[in-house]
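Here is the structure we will look at.
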Amino acid sequence: MNKYISNIFKSVIVAGMAAVAVSCTDYLDKAPGSDIDENTPYQNFRNFQGFVEELYGALPLYSASTWHSCWNYGEDEHMKDNGNSVRFLTLAIDNGNYRCMVDENMNDAGDQNFYGAPAGVFSADMASGTRERKKNLWQLSWAAIRKANLGLANLDRLQSATQEERDLLKGQLLFFRGFYHHMLMQYWGGLPYIDYLISSSETPRMARLSYQECADRAAQDMQEAAELLPVDWDKTEAGRQTLGNNNFRANKIMALAFAGKCLLYAGSPLMNYESTGVRAYNEEYCKRAADLLGEALAITESTGRYELAPLERRSELFYYVDQGTKIPGLKEAILLENFAEFSNRWQRNMSNDYLPFIASSGLIVMPTANYVLNYGMANGEPIKSWTEADAVSGYDPAYPWKGRDPRFYTDISYDGVLCCKDEGKAENIRYAQLYTGGHWRTNANYKNCLTGLLETKFIPQANKTTSYQLLDQYTGGMTMALSLLRLSDLYLLYSEAAACGYGTPSGKSPKYNMTALDAVNKIRGNVGVPGIASRFTGSNDTFLPELYRERAVELAFEGHRFFDLRRWLLLTNPTYMVKTALEFDRTSNFNYNKPSEARVANLREEVIVQRNLDDRHYWLPLPTKDVNIYPEFNQNPGW
């Protein structure tokens, strides 16, 4: 079997992937002399669907690894190196070191493990249930593309199946072929588009396409898939066999949404520059994206298939505590990351990494002050500076935690917030001591907080639950998953596409009844924040910065920022090349019952990281082994 796969995988793109592309259950990869009858895979829908299922096993897993995780590579997070030879991609990227992302000499052991690497570190395996086997996006995506082509090439051999079943199979195969090309392109740019099964006798010389050429073909596959897939598998005859377990199967809305996202990315300044040499949005691609995203939203709203989560249930989008293997996401998650080892993968250091020294294990991940400034005021107004009072927004640097966007209080913990419910512990352990000189800032411990802020979007603050004590919970009951796409993101993608495609915040697709402004305001209204102020809505020049800020807040720390800064050509903008911390003093009469109303003194913002990035860092390097196979598969500029 492996010899057969190896012959097919001659091209540079899939070189070295034979070992990860197959498993004993890959019926369509039946080797000569095996005990599987050659017609078994094609006897019925159930058998063929068994082959297709492995395509779901190739979904990337960002939020969990062997011991620690990292997936935010923008200016949004700072990860403190504890000096114990534990490496994070966030730290590497700050230093401009992208090679560790694709270096095939890295391995799973000890000092060589770069947590969060999308390629080159862990051995990949679609069929494996082990979480670290889902970290290698490069290998898994190419393996999945090959499997999709293998399935499409053999679909005509299916013997006993209804038209509905044939459509479901073809729709999934087409969707995943486009989807995995899109996932690769986000990191590496335009690539060859592999839409046929490579023969073992063929010597491929497929040149890299431009981003837009590749995106056109990926979107075409996903659009064709949307014509074949249902809105809800539970309402199909075939889906009744797995009733109640079909929520994240590829469906019409998912296919339209990812096709639209693919085209919006193609129309974004970085991708348009790569394809045409113009550093601006491409109007035509944005219009096409708006039509697909708008169609997905129109179907969503007419069917109720997906719904925005209310603010009071925001945590359930991301995690559950002590609820077994209950999957988060509510009705807002459209596609979640891989579920490998879902029941226990987050309960160890992944959750402890967000706590300074309450939990002795783990490291420390913290939000940067410059990123948290995106969280404006409850009246919807932005904040210009941590240190300057603003009469329009009402922000007062003497009360920096007061009157903020409601999502600030769900996502961020600040000085004085209760973090440990154990009343037997000292006050400086139970309550965050994040002021300058506070115990959580100065304790001689590698887990002290450097930025003066904590990130609690993915773990409970102590006052959220009575069953989970944030105190050395190395084996707690946490289950957590990130959305690869959720409904809030879909509205914001549509807003951007409509504004940039139709030239104004009042622009809208004929496929949908909302303007770009309506869509972003829907997200703000869902969490109780007023719409964008009228002074920002006269043109895209003033509207887009507010839309970008809304993406920063609503999707904070969910893995989108690195892609957004890159595609907007902002990664090397000096504003986003630093990471900062807050320094401040507590004043007298501090009240732990009302930390949001605490008065501070001497508030100042200080740079703690100067990132070392240049134009080459807009794209990842491709693995050297692959680009050396044939010249048409060329390396990215600067690498």
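Hydrogens, waters and symmetry mates play no part in the numbers below; they use all other heavy atoms, side chains included.
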Exercise. Less than 4.0 Å between a side-chain N and a carboxylate O, is that true for Arg177 and Asp221?
Worked result: yes
For this session: Taking only Lys NZ, Arg NE, NH1 and NH2, and the carboxylate oxygens of Asp or Glu, determine whether Lys252 and Glu224 approach each other closer than 4.0 Å.
Result: no
For this session: Identify whether the distance between the nearest side-chain nitrogen and carboxylate oxygen of Asp564 and Arg551 falls below 4.0 Å.
Result: yes
Exercise. For residues Asn272 and Gln212, is any side-chain donor paired with an opposing acceptor at under 3.5 Å?
Worked result: yes
For this session: Taking all non-hydrogen atoms of both residues into account, name the closest pair between Phe342 and Met480 and its distance.
Result: CE1-O, 3.4 Å
Exercise. Using a distance-only test with no angle check, is there a side-chain donor-acceptor pair under 3.5 angstrom linking Glu53 and Gln49?
Worked result: yes
Exercise. Any luck finding a side-chain donor-acceptor pair between Asn44 and Ser160 under 3.5 Å?
Worked result: no
Exercise. Looking only at side chains, do Glu496 and Tyr548 share a donor and an acceptor under 3.5 Å apart?
Worked result: no
Problem set entry | Tyr512/Tyr494 aromatic ring centres below 6.0 Å | yes
For this session: Considering only NZ, NE, NH1 and NH2 on the basic side and carboxylate oxygens on the acidic side, decide whether Glu316 and Arg313 come within less than 4.0 Å.
Result: yes
For this session: Would you kindly say whether Ser128 and Arg133 are connected by a side-chain donor-acceptor distance under 3.5 Å?
Result: no
Exercise. Among Tyr618, Phe563, Tyr211, which one satisfies side chain to side chain contact (heavy atoms under 4.5 Å, CB included) with Leu270?
Worked result: Tyr618
For this session: Say whether Glu283 and Tyr502, considering side chains only, have a donor N or O and an acceptor N or O under 3.5 Å apart.
Result: no
Seminar exercise, completed: From the list Leu482, Asn338, Leu137, Leu140, side chain to side chain contact (heavy atoms under 4.5 Å, CB included) partner of Pro60 resolves to Leu137
For this session: Any chance you could lay out the side-chain contact (heavy atoms from CB on, under 4.5 Å) test for Arg486 and Leu555, step after step, and finish with the verdict?
Result: CA-CA 10 Å; Arg486 60 184 177 96; Leu555 304 173; 3.7 Å; yes
